[in-house]
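When reading the values below, keep in mind they use all heavy atoms of this one structure, side chains included, and skip hydrogens, waters and symmetry mates. Letters A, B, ... mirror the listed sequences (proteins, then strands); counts begin at 1.
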2 protein chains.
Amino acid sequence: MVDQVSGLEPALRAELHELTASLCKALNDPKRLMLIYALAGQSRSVGELCTMLETTQPNVSQHLAMLKERGIVDATRRGTSIFYSLRYPQLVQAIDLLRGVMADEVGRRQDLVSRA
Amino acid sequence: MVDQVSGLEPALRAELHELTASLCKALNDPKRLMLIYALAGQSRSVGELCTMLETTQPNVSQHLAMLKERGIVDATRRGTSIFYSLRYPQLVQAIDLLRGVMADEVGRRQDLVSRA
DNA sequence: ACAGAGCATAAGTGATTGCGCATGTAGCCA
DNA sequence: TGGCTACATGCGCAATCACTTATGCTCTGT
């Protein structure tokens, strides 16, 4: 896929990077990542998510609204509650891959420290 | 890995999400994504990157500094130039995975539009 | 030592972000 | 209908962001 990207017109390539950056922007907040992992495998109501994240209800709703805008998450009403679910479960795998890179880097830094 | 995450103490889990979010923050800018893809497979000088990104030299330097802080990128001096390279080539694969999710979502939205 | 090339850094600015607080809205039950 | 629960939304604030302009630093060649 890298070769496909480098073969694109600069304008198209920039647009693609813009889209990808928009997705990454949804992932650049710890609480949103917690939300995504909380929704991995099962849908949950806003109240449940508030308890899990230990934060206020408006705060959770705002983050959920952003994830919904980007199509990352789906909302369904059941009674008075609204249940959210992940639209793309593969997203969790992608984040895990990023986390793997991060783990390597953390290990490298600890090596540097212990060697000092 | 999801199960490993969900088995962690809440505090540790939050810290891990903080680290991952820090990495995502490095990816949430189109120009930084372009930098990463420009460095995929070969190292490049700041001047080269300025030409490729069509932006000013301080701008590129600032983005590179941020990527370097997070250990995403390495810098080596050769003469008067400084060459940057990707420290974790797997990062590109991870971004490609994210891009795949994005492509699915774009297709879904186009379906919605054409159906209206 | 000096001039210039290549890059980093500092300061200032407008725009965006996450958050708390207050309020609005939709469904359930008496 | 009224009141309650569950959630969404609007507003204001402090913090952060990306960018431009100006300046500093580090090498190389003379």
Please determine whether a side-chain nitrogen or oxygen atom of [X] lies at a distance below 4.0 Å from atom OP1 or OP2 of [N].
X: A:Thr56; N: C:dG20; answer: yes
X: B:Arg32; N: D:dA18; answer: yes
X: A:Arg78; N: C:dG27; answer: no
X: A:Tyr84; N: D:dA6; answer: no
X: A:His63; N: C:dC19; answer: yes

Figure out the [atom1]/[atom2] separation between [X] and [N], and round it to whole Å.
X: A:Leu67; N: D:dC7; atom1: CG; atom2: C1'; value: 16 Å
X: B:Asn59; N: D:dA18; atom1: CG; atom2: P; value: 9 Å
X: A:Asn28; N: D:dA15; atom1: CG; atom2: P; value: 19 Å
X: A:Leu53; N: D:dC7; atom1: CG; atom2: C1'; value: 15 Å
X: A:Leu49; N: D:dA6; atom1: CG; atom2: P; value: 14 Å
X: B:Glu54; N: D:dA18; atom1: CD; atom2: C1'; value: 18 Å
X: A:Ile82; N: D:dT9; atom1: CD1; atom2: P; value: 9 Å
X: B:His17; N: C:dG18; atom1: NE2; atom2: C1'; value: 18 Å

Given [options], which nucleotide is nearest the side-chain atoms of [X]?
X: A:Val46; options: C:dG20, D:dA8, D:dT20; value: D:dA8
X: A:Ser61; options: D:dT9, D:dC27, C:dG18; value: D:dT9
X: B:Thr80; options: C:dG6, D:dT20, D:dA18; value: C:dG6
X: A:Ser81; options: C:dT9, D:dC7, C:dG27; value: D:dC7
X: A:Lys25; options: C:dC19, D:dA8, C:dT17; value: C:dT17
X: B:Ser45; options: C:dC7, D:dA18, C:dG6; value: C:dC7
X: B:Lys31; options: D:dC19, C:dG20, D:dT26; value: D:dC19

Base of [N], side chain of [X] - is there a donor-acceptor contact under 3.5 Å?
X: B:Glu48; N: C:dG6; result: no
X: B:Gln57; N: C:dA8; result: yes
X: B:Gln62; N: D:dT20; result: yes

Would you say the side chain of [Y] lies within less than 4.5 Å of the side chain of [X], judging by non-hydrogen atoms?
X: B:Leu86; Y: B:Ile72; result: yes
X: B:Gln90; Y: A:Asp104; result: yes
X: A:Arg44; Y: A:Leu39; result: yes

### Task
Identify which one of B:Lys31, B:Lys68, B:Arg32 satisfies the side chain to side chain donor-acceptor pair (under 3.5 Å) criterion when paired with B:His63.
B:Arg32
#### Entry: Chi angles and distances behind the salt bridge (charged side-chain N to carboxylate O under 4.0 Å, His left out) call for B:Asp96, B:Arg99
CA-CA 5 Å; B:Asp96 278 342; B:Arg99 200 200 302 285; 3.7 Å; yes
### Query
Would you say the side-chain atoms of A:Arg70 pair up with the backbone N or O of A:Ser22, donor to acceptor, closer than 3.5 Å?
yes
